[in-house]
Amino acid sequence: MPTMSESETPKFRYTAALANEIEPRWQDYWAANGTFQAPNPAGELADPQHPRAGAPKLHVQDMFPYPSGAGLHVGHPLGYIGTDSYTRYKRMAGFNVLHPMGFDAFGLPAEQYAVQTGTHPAVTTAANVERYKTQLRRLGLAYDDRRTFATTDPDYYRWTQWIFLQVFNSWYDPAVRKARPIATLISAYEEGSKPTPDGRPWAALSPVERRKLIDDHRLAYVSEAPVNWCPGLGTVLANEEVTPDGRSERGNYPVFQRSLKQWMMRITAFGDRLVEDLDTLDWPEPVKMMQRNWIGRSRGAHVDFAVGDDKITVFTTRPDTLFGATYMVLAPEHELVSRIAPAEWPSGTNAKWTGGHATPNAAIAAYRAEAAAKTDEQRTEGKDKTGVFTGAYATNPVNGASIPVFIADYVLAGYGTGAIMAVPGQDTRDWEFAEVFELPIIRTVRAPDGFEGAFTGDDVAINSDWLDGKGVVEAKAEMIAWLEQHGHGRGATTFRLRDWLFSRQRYWGEPFPIVYDETGLPVSLPDSMLPVVLPDVDDFSPRTFDPDDADSEPETPLSRKKDWVNVELDLGDGLKTYTRETNTMPQWAGSCWYELRYLDPHNSAALVDKDNEAYWMGPRRDGDCGGVDLYVGGVEHAVLHLLYARFWHKVLYDLGHVSSFEPFRKLFNQGYIQAYAYRDTRGVIVPAEEVTEREGKYVFDGVEVIREYGKMGKSLKNVVTPDEMCEQYGADTFRVYEMAMGPLDVSRPWETRAVIGSQRFLQRVWRLVVDEESGAVRVGDEPLEPAVRKHLHRTIAGVTEDLDELRFNTAIAKLIELTNTLTPLPTVSREAIEPLVLMLSPFAPHLAEELWAKLGHEGTLAYSPFPVADPEQLKAESITYPVQVNGKVKARVEVSPTAAESEVREAALAAVAEALAGRDPKKVIVVSGRLVSVVV
């Protein structure tokens with residue numbers, strides 16, 4: 001297609017050059033005038049004179065970005081442009097809109113980059129944040145710039161530390177199903193209303209015993225926990241930082257299972273509420289299901305199996321199958337393993353059980369080393385069943401049978417009790433294990449005739465003594481009652497969810513507001529000592545080890561800062577020497593509560609002013625959960641971030657710090673931008689921008705390459721940046737293209753060449769107002785033709801509905817259709833063009849502001865009323881009725897929408913007179929607005 005030369009381009013055409021002159025000018029205007037600043041009801045950000053003061057509120061939030069050195073690519077702002085379009089519309093529709101943006105800036109990527117380059121992470125993080133701010137501003141995103149922050153700001157993480165102390169100084173009271181201050185627990189022990197575990201009076205306990213007892217109840221506690229230890233990186237990794245093949249996502253180092261002393265959050269105490277309160281949320285059902293599955297609430301019984309003087313406690317959802325428990329399995333890391341293992345193999349031990357080792361302890365040590373090199377996923381999904389006998393036997397409480405105790409990697413220490421009773425007749429994994437190790441299999445649930453393998457369905461109990469013939473529900477209830485009566489167990493509810501591992505052996509994270517005294521027990525710092533500022537260190541890299549050295553011990557960067565670690569403090573009982581916690585909090589900490597700080601970002605006296613929190617996030621009515629009105633982000637955060645944020649928010653709610661019991665009322669998951677990538681014959685990715693298409697083939701450096709499709713990113717060398725798009729087309733064209741590509745919640749392919757379509761649409765809108773040759777405004781004041789007026793108001797109604805439902809692509813399609821209707825007119829009436837400009841402004845705000853000014857308006861259109869459709873113009877001029885004769889459509893008639901039934905009947909009969917051939921109809925049925933049925 002021939003292109004117009006620069007000399008031929010009309011002087012006043014809307015081009016990339018013109019867009020790049022208009023857009024920064026309007027961005028400067030918005031910044032200078034605080035256009036998008038939302039007034040609070042109280043505090044320094046209150047503004048009674050603001051045009052939206054006292055208006056209905058709307059709090060919309062994006063999942064904030066991690067500011068990497070690579071900057072944004074065109075996939076990142078998809079959701080940001082969507083929320084910006086929505087909030088611009090809602091602001092015009094009369095709402096007081098809070099739309100903030102911040103930066104999630106602590107974490108491993110920044111630390112690793114700092115280690116590689118020798119630059120302090122604070123320096124690189126600050127530079128990355130500034131680059132993101134510049135890129136976001138260039139897109140014309142309408143954020144309240146007074147409310148921005150990074151999680152690395154000491155004024156911000158002071159309150160992250162304060163929330164940690166709220167959690168640390170709380171316990172979960174099951175009687176009231178809520179978190180309560182730890183002081184209430186101490187009072188209960190002092191008063192004797194809550195007995196101590198061993199029955200001694202509180203006063204009889206030593207001070208250290210009291211502290212340990214209280215610490216065992218705290219919602220934040222120190223515990224030996226199985227973790228993902230990566231010697232090559234020198235740090236513990238979260239599950240999401242480990243690849244399916246058991247290696248670190250960064251560096252590709254081996255990861256091992258280790259038990260280390262770590263800070264934990266007792267999120268499991270909130271398991272029931274985290275499940276139940278999902279019903280109050282307007283979230284996508286698949287996300288709710290993911291959370292329900294992750295929490296994994298199960299009802300059943302804890303059962304005790306005696307092993308000598310010890311006992312193994314298991315949780316089972318099927319206590320009715322106890323008669324079929326023919327062996328037990330402990331996780332290799334289980335604390336009882338070493339204690340119950342005898343020095344020698346019992347007489348007659350099956351050789352297959354020993355792993356080829358001379359003693360139980362040798363077999364256990366070798367197997368533990370093997371299991372430590374596997375991830376949880378590899379262990380639980382492994383096809384080959386492996387394990388070794390511990391040399392110990394347990395007693396099945398229901399029949400006194402002596403059953404062998406194994407260790408096997410398909411049982412995890414962090415799930416449940418780290419032990420299972422194996423019922424191979426009713427569990428596929430147990431069946432496979434039993435076959436490998438030649439263990440007995442007893443069916444305790446009747447299976448269909450001829451059925452082979454483990455039967456996991458439901459039927460009546462068999463081979464189960466007094467339970468025989470009973471259904472599952474009745475058998476479970478009777479078994480739980482029997483266990484409780486005989487002291488062998490108790491009914492219980494458990495969760496797949498594990499307590500939240502909250503320690504990281506890193507430098508670039510929030511310091512814990514915790515010190516340790518001479519007893520080695522943790523002591524919380526008072527609020528007056530917050531924030532505990534991250535100190536400068538000469539070496540901010542964790543100590544790394546041989547990647548295969550599974551027995552190595554973490555050495556944190558902060559532990560080397562001795563003058564910071566060892567500190568003299570007066571915590572109320574005189575000046576004493578304490579040792580600081582040298583782990584840091586995980587990156588999740590800062591993102592668990594940022595929605596609250598946006599409400600009151602400069603408050604130094606409180607986490608958030610109560611009036612501001614109640615206004616922006618409080619419940620609207622009884623039973624409403626409250627929270628952010630619309631939260632937009634990727635589905636990859638469906639479980640961890642959202643679950644952790646919900647947990648922290650519930651603790652704050654229980655303690656009276658917030659009025660909403662959920663942080664995010666409505667969730668929307670945007671899709672992804674995908675793009676083509678190219679590989680050469682070696683399978684190596686080549687830069688997508690350097691590939692050309694020749695005769696249906698793709699060529700790089702003169703050689704044919706293979707095209708594939710994937711998520712845009714650095715690894716596939718197919719990144720396109722918004723900076724490039726803004727330079728080549730302008731920000732508004734880029735915005736319109738991203739919103740027009742398809743539904744916001746669906747992933748879509750990026751095609752740079754297709755952006756020209758959005759540019760041409762905006763050029764047509766520009767031409768409706770501005771003469772391309774002279775630059776004169778060409779809008780008239782004559783009234784619209786009736787048909788055009790009807791089209792305008794149908795567009796207003798449709799765009800309004802689409803914007804309310806986040807259907808941006810269909811809204812833009814309607815604006816294009818209206819523009820095409822107006823384009824052939826010799827002069828466009830102000831009656832049509834002003835509503836068009838206002839409706840376009842959420843998507844192309846700079847262009848709309850410029851046109852609004854050319855139409856004679858002063859200032860910004862950001863608070864101009866959004867067009868409202870005239871109901872009279874939405875009424876149909878006529879209604880078409882299909883006319884059926886004996887069930888077959890023979891004609892169609894058009895009548896007025898107000899036509900009486902008799903008029904419709906008369907017109908219908910006239911239309912099918914030929915088909916009736918003089919016959920009188922037996923019946924004529926008029927279904928108002930739909931059809932006429934004639935029966936002959």
Side-chain angles (χ1 to χ4, degrees), residues 226 228-229 231 245-247 254-259 305 307-308 310 312 314 325-396 401-415 417-425 427-442 453-454 546-552:
N228 301 310
W229 167 237
D245 58 348
R247 304 182 76 85
V255 176
F256 303 93
Q257 289 287 303
R258 286 283 307 279
S259 285
F305 290 74
V307 184
D310 289 301
I312 298 173
V314 304
T326 58
Y327 65 98
M328 301 193 75
V329 182
L330 302 181
E333 306 87 350
H334 199 289
E335 62 180 0
L336 280 179
V337 173
S338 298
R339 198 156 74 226
I340 64 175
E344 304 293 337
W345 293 117
S347 176
T349 296
N350 187 326
K352 289 187 175 182
W353 297 4
T354 67
H357 294 277
T359 66
N361 285 325
I364 290 166
Y367 192 79
R368 278 177 161 170
E370 180 183 329
K374 297 181 181 180
T375 65
D376 286 0
E377 186 176 7
Q378 288 173 318
R379 289 173 57 166
T380 56
E381 295 183 3
K383 294 181 179 179
D384 297 329
K385 293 296 176 285
T386 64
V388 292
F389 179 39
T390 63
Y393 285 85
T395 302
N396 187 327
S402 186
I403 58 178
V405 181
F406 287 76
I407 59 172
D409 60 10
Y410 75 94
V411 176
L412 304 177
Y415 288 103
T417 64
I420 66 165
M421 63 176 209
V423 184
D427 185 277
T428 301
R429 291 185 307 172
D430 294 347
W431 180 287
E432 293 169 351
F433 190 93
E435 286 193 317
V436 170
F437 291 94
E438 300 176 353
L439 291 158
I441 297 174
I442 300 173
D546 182 311
D548 296 311
D549 185 3
D551 295 326
S552 51

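Numbers for residues simply follow the sequence, beginning at 1. Hydrogens, waters and symmetry mates play no part in the numbers below; they use all other heavy atoms, side chains included.
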**OP:** Flag the pair Asp427 / Ile420 as yes when at least one side-chain heavy-atom distance between them is below 4.5 Å, and no otherwise.
**Re:** no

**OP:** May I have the step-by-step check of side-chain contact (heavy atoms from CB on, under 4.5 Å) for Leu336 and Ile312, ending in yes or no?
**Re:** CA-CA 8 Å; Leu336 280 179; Ile312 298 173; 3.8 Å; yes

Original post:
Can you name the one residue among Arg379, Lys385, Lys374 that meets salt bridge (Lys or Arg N to Asp or Glu O under 4.0 Å) with Asp409?
Top reply: Lys374

Original post:
Are Trp229 and Asp549 close enough, and set up right, to give a side-chain contact (heavy atoms from CB on, under 4.5 Å), and what steps lead you there?
Top reply: CA-CA 10 Å; Trp229 167 237; Asp549 185 3; over 6 Å; no

Original post:
Any side-chain heavy atom of Phe389 sitting closer than 4.5 Å to one from Asn350?
Top reply: no

Subject >> Residues in side-chain contact (heavy atoms from CB on, under 4.5 Å) contact with Ala325, at least two apart in sequence or another chain >> reply: Asn396, Met421, Val423

Original post:
Short question: side chain of Trp345, backbone of Gly391 - any donor-acceptor pair under 3.5 Å?
Top reply: no

Subject >> Any residue meeting salt bridge (Lys or Arg N to Asp or Glu O under 4.0 Å) with Asp310, in chain and number order, not counting sequence neighbours >> reply: Arg339

Original post:
Side-chain contact, heavy-atom cut-off 4.5 Å: Leu439 with Pro424?
Top reply: no

Original post:
Under 3.5 Å, is there a donor-acceptor pair between the side chain of Thr326 and the main chain of Pro440?
Top reply: yes

Original post:
If you look at every heavy atom in Gly418 and His334, which pair is closest and at what distance?
Top reply: O-CD2, 3.3 Å

**OP:** Run the numbers on Phe433 and Tyr327 for side-chain contact (heavy atoms from CB on, under 4.5 Å), then give the verdict.
**Re:** CA-CA 10 Å; Phe433 190 93; Tyr327 65 98; 3.4 Å; yes

Subject >> Flag, side chain of Ser402 to backbone of Tyr393, donor-acceptor distance under 3.5 Å >> reply: no

Original post:
Checking Tyr367 side chain against Thr386 main chain: does a donor-acceptor pair fall under 3.5 Å?
Top reply: yes

Original post:
Is any side-chain heavy atom of Val314 closer than 4.5 Å to a side-chain heavy atom of Phe305?
Top reply: yes

**OP:** Go through Val388 and Ile407 one step at a time and tell me if the side-chain contact (heavy atoms from CB on, under 4.5 Å) criterion holds.
**Re:** CA-CA 6 Å; Val388 292; Ile407 59 172; 3.5 Å; yes

Original post:
For residues 352-366, which residue pairs qualify under side-chain hydrogen bond (donor to acceptor under 3.5 Å, both in side chains), counting only residues two or more places apart or in two chains?
Top reply: Lys352-Glu438

